[in-house]
2 protein chains.
Amino acid sequence: MSEPARPAQTRRPVRTNATRQKLFEASMLLIGERGPANVTVDEIAAAAGVSKGTVYYNFGSKSEMIAALLEHGVEMLESRLASASPAAKAVDDLQEMLGAMLDFFAEYPSFAQLLVSEMWRTPGEWHETLTLLRERLVSVIGAAVERVAQENQVDTQITPASVAGAILGATFVIGLDRLVFHPDRSREQALAVVMTVIRGYLR
Amino acid sequence: MSEPARPAQTRRPVRTNATRQKLFEASMLLIGERGPANVTVDEIAAAAGVSKGTVYYNFGSKSEMIAALLEHGVEMLESRLASASPAAKAVDDLQEMLGAMLDFFAEYPSFAQLLVSEMWRTPGEWHETLTLLRERLVSVIGAAVERVAQENQVDTQITPASVAGAILGATFVIGLDRLVFHPDRSREQALAVVMTVIRGYLR
DNA sequence: CTATTTGAACTGACCGGTCAGTTTTGATAG
DNA sequence: CTATCAAAACTGACCGGTCAGTTCAAATAG
């Protein structure tokens, strides 16, 4: 809406974005824990060490701020997935990727929580945004799955896309399960369970 | 708190529970769609064709009503899982069970949505309740997984309990994915993807 | 008679959004 | 280097409205 920052390539070359960053961090924590509706803009602003007006200056509304937060988080996750795949075999490649995803969830559990809470909400305030974002993640994982399908014998009854969706979802819940219900479970154990999905896809 | 209903086995003034049932149905829909915090007690009462006072007479508060709703829904799901397993082979048994679970989610998508939104919320108003309820579901599924482990060669690196947790979570997200993002996907396709987890567990 | 439901009124806290005013920033002129 | 200025960024008191929870007298039903 407002789009207050429009340096139009000349006036202001550098924008720190420090305020937005602080707001992202504060809101990710609070909203992840208690849900969007149970956190007030005042709280977020206070946690970010900023005034309420600043929130409305940077984002037009609470809702838009959360949409931006979702986008921001998925972008971070996406770049992790893209950068973490230096393996020779396609399966190992995928394993690397899912490990990175589990690490990301462990690092930002609140974001993972936010995502699962809103991902399937219909109708939902951020459903369109989330559909797009999900698409991007499924696409990244799907590419890795397809490489697996090329290198190995797989169950042709099942499409790579649906496997990618299942892997994304399974990694979410296994990652959260580990954080919430089984803090003792190691990263490797969690990863082994996630990889089970791929193993079942292989013939 | 109040617990005005005791229809169990003891003869009592016949209480239909019709009011509670209507409230369950109405609130399941509304809360599933918009989340507990975005639905007012007035709305729920109106949707159930009941007055607000009745809500407070039957349940002590909004929060308690939601706790009861969670319990009610899980009880329904549990009984479906228990009753739907007339197979000879353990794997088919499990498949039957997961099929029943997918059917349940298709029948009560709002409840599935509510459950995933709240399941991993920490701290959360209903976290204790949900931990208990999750335990019960994992236990039912876990028993079936253990039968599979007895009848087949399985990956001994992975515990049946963690497989059960993964299956529960995976079925949730695959069921919701199907409803929200892939309405075209058939029950059989969804089931095949869920079964992938078990196949990967087998050696 | 007793259990249950109704419907309406009331309260007190809370919250999203607004806006007039203040401070900061950085470019430019002297 | 310094003074000036306008835009950008930020502030926080305030407003209008909402909602959970409470209460209760009256109606209904088993």
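Throughout, protein chains are lettered first and strands after them, A, B, ... in sequence-line order, and every chain is numbered starting at 1. What you are looking at is a predicted structure, and each value in this text was computed from that prediction instead of being measured.
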**Request:** Return yes if a side-chain donor-acceptor contact under 3.5 Å exists between Q113(A) and S117(A), otherwise no.
**Result:** yes
**Message:** If I take atom CG in residue N38(A) and atom C1' in nucleotide dG16(C), what distance separates them, rounded to the nearest angstrom?
**Reply:** 15 Å
**Prompt:** Given that V55(A) and T40(B) both sit by DNA chain D, which one's nearest nucleotide is further toward the 5' end?
**Reply:** V55(A)
**Request:** Counting heavy atoms from C-beta on, name the nucleotide in dG21(D), dG12(D), dT5(C) closest to the side chain of S51(A).
**Result:** dG12(D)
**Request:** Using heavy atoms to find the nearest nucleotide of DNA chain C for G53(A) and V39(A) separately, return the residue whose nucleotide is more 5′.
**Result:** V39(A)
**Asked** For Y57(A) and dG17(C), what is the distance between atoms OH and C1' respectively, to the nearest whole Å?
**Response** 17 Å
**Message:** With a 4.0 Å cutoff (strictly under), does any side-chain N or O of N58(A) reach OP1 or OP2 of dC10(D)?
**Reply:** yes
**Asked** For D42(B) and dG7(C), what is the distance between atoms CG and C1' respectively, to the nearest whole Å?
**Response** 11 Å
**Prompt:** What integer distance in Å separates Y56(B):OH from dG7(C):P?
**Reply:** 17 Å
**Asked** Within the modelled atom types, does a donor on one side and an acceptor on the other bring the side chain of K52(B) and the base of dG7(C) under 3.5 Å apart?
**Response** no
**Asked** With no hydrogens and no angle check, do the side chains of E25(B) and Q21(B) hold a donor and an acceptor under 3.5 Å apart?
**Response** yes
**Message:** I need the CD1-C1' distance between I44(B) and dC19(D), as an integer number of Å.
**Reply:** 12 Å
**Item:** Rounded distance in Å - CZ (R20(A)) to P (dA8(D))
**Value:** 15 Å
**Among V193(B), L179(B), L98(B), side chain to side chain contact (heavy atoms under 4.5 Å, CB included) partner for I174(B)** = V193(B)
**Message:** In the structure I gave you, are the side-chain heavy atoms of F105(A) and T171(A) within less than 4.5 Å of one another anywhere?
**Reply:** yes
**Prompt:** Taking N and O atoms by type only, does the side chain of K62(B) place a donor or acceptor under 3.5 Å from a partner on the base of dG21(D)?
**Reply:** no
**Atom-to-atom span, CZ of F59(A) to C1' of dG17(C) - whole angstrom** = 16 Å
**Prompt:** At under 4.0 Å between heavy atoms, what does T54(A) touch on the DNA or RNA strands: base, sugar-phosphate, or nothing?
**Reply:** base
**Asked** How are the rings of F104(A) and F111(A) set relative to one another: parallel (under 30°), tilted (30 to 60°) or perpendicular (over 60°)?
**Response** perpendicular
**Asked** Between dA9(D) atom P and Q21(A) atom CD, what is the distance in whole Å?
**Response** 16 Å
